[in-house]
Colleague: 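Sharing a structure with you now.
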Amino acid sequence: MPSAVNDFVDYSRQLRREVDAALEGYTQFDADCPAHLAAAIRHSLLAPCKRLRPLLVLMAAEACGYDRAGALPAACAVEMVHTYSLIHDDLPAMDDDDMRRGRPSCHAKFGEATGILAGDALLAQAFEVLARDVQPATAAARCCAELAQAAGASALVGGQQDDLRNEFAGGGIEQLEAIHRRKTGAMIRCSLRLGGIIADGNAEQIAALDTYGEKLGLAFQIVDDLLDLRGSEAALGKRIGKDSQHGKLTFPGLLGETESTRRAGALIDQAIGALEPFGASGANLESLARYVLERNH
Ligand code: GRG
């Protein structure tokens, strides 16, 4: 492996360690939090995983010339919302999955009611963390508004609603992209924007991060669909093949594997192109985009 790749692997491992340590700290609940609920939250939130969204927050802040330690609370907040969405997505009423992040899914281990409550608690805690720990207060308020929008009815929740309704099964590429722009893309874009806001990035930098996030989010989803077809359950830590079994719209289902792979590559090129205003400071985000394309989990 060339040394630049090694450097990026070491750097992203270090960022993951910092995020994991901060999440560990945020989940030391007081005696009023029932032990069963605390265990369920920690089971899902602290499970081994990519931490893509927190890494995007931290790398976006650094690309804007900011010390990443100041962006850690926002990195944790986006991971809390993301983990809540995974816990709820796994529930029997939604995707009904018994495995997540290489472990039994939250409801499979702790029961359905506790799974719902663990997700509820994480969603609330994300906004507590942003409002209390992001400085200055004006940046905290902006971050709360942006994350609420990305997690809300016109983004994450709306995309999930459309994905669950089979009326879209006969749809085309526009419908598919509209689902994933909200369900997957909004949280990825938001992660980058929060990093830029906390770093007090200028309008050109935030717009560049937004475009990078839009392209990266779509590429991430295409790769996710491809891994659902030809990935390994052991590497992914979750069940595969469910989308096609349930007749869901997917990129390889609509476009074929070759065209989906080509499209993901073109989107990653566009994402990297959007980093131009950052010059050398965008190098880590560029490496992260390449990793999203080449990932096997
Ligand atoms: C329940 C409101 C609500 C939304 C659920 C996130 C989601 C929406 C569903 C998960 C199913 C899925 C395959 C979504 C598309 C891609 C995606 C978000 C995968 C999971 O994220 P990763 O791969 O997972 O970053 P880790 O575990 O590494 O964080």
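Whatever order the structure lists ligands and atoms in, that order sets their numbers, starting from 1. Nothing here was measured: the structure is a model prediction, and the numbers come from that model. Residue numbers start at 1 and run along the sequence shown.
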Colleague: Closest approach of L254 and G171, non-hydrogen atoms and distance?
Modeller: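 Closest approach of L254 to G171, heavy atoms only: CD2-O, 3.8 Å.
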Colleague: Is the NZ or CZ atom of R16 both under 6.0 Å from the centre of the six-membered ring of Y11 and within 45° of that ring's axis?
Modeller: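 Geometry flag: not set, cation outside 6.0 Å or 45°.
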Colleague: Among side-chain atoms of D89 and Y84, is any donor-acceptor pair under 3.5 angstrom?
Modeller: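 Result is no, nothing qualifies.
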Colleague: Test your reading of the model: is there a side-chain donor-acceptor pair from S12 to the backbone of V9, 3.5 Å cut-off?
Modeller: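 Present.
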Colleague: Does R53 make a cation-pi contact with F220, if we ask for NZ or CZ under 6.0 Å from the ring centre and within 45° of the axis?
Modeller: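 Because its charged atom sits under 6.0 Å from the ring centre and within 45° of the axis, R53 does stack over F220.
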Colleague: Does a side-chain N-to-carboxylate-O contact under 4.0 Å join D90 and K238?
Modeller: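 A salt bridge is absent here (no side-chain N lies under 4.0 Å from a carboxylate O).
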Colleague: Please output the residues near ligand 1 using a strict heavy-atom distance under 4.0 Å, listed in chain and residue-number order.
Modeller: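 For ligand 1, the residues that come within the 4.0 Å heavy-atom cutoff are C49, K50, R53, H82, Y84, S85, L86, H88, D89, M94, R101, L156, V157, Q160, K183, T184, F220, Q221, D224, K238.
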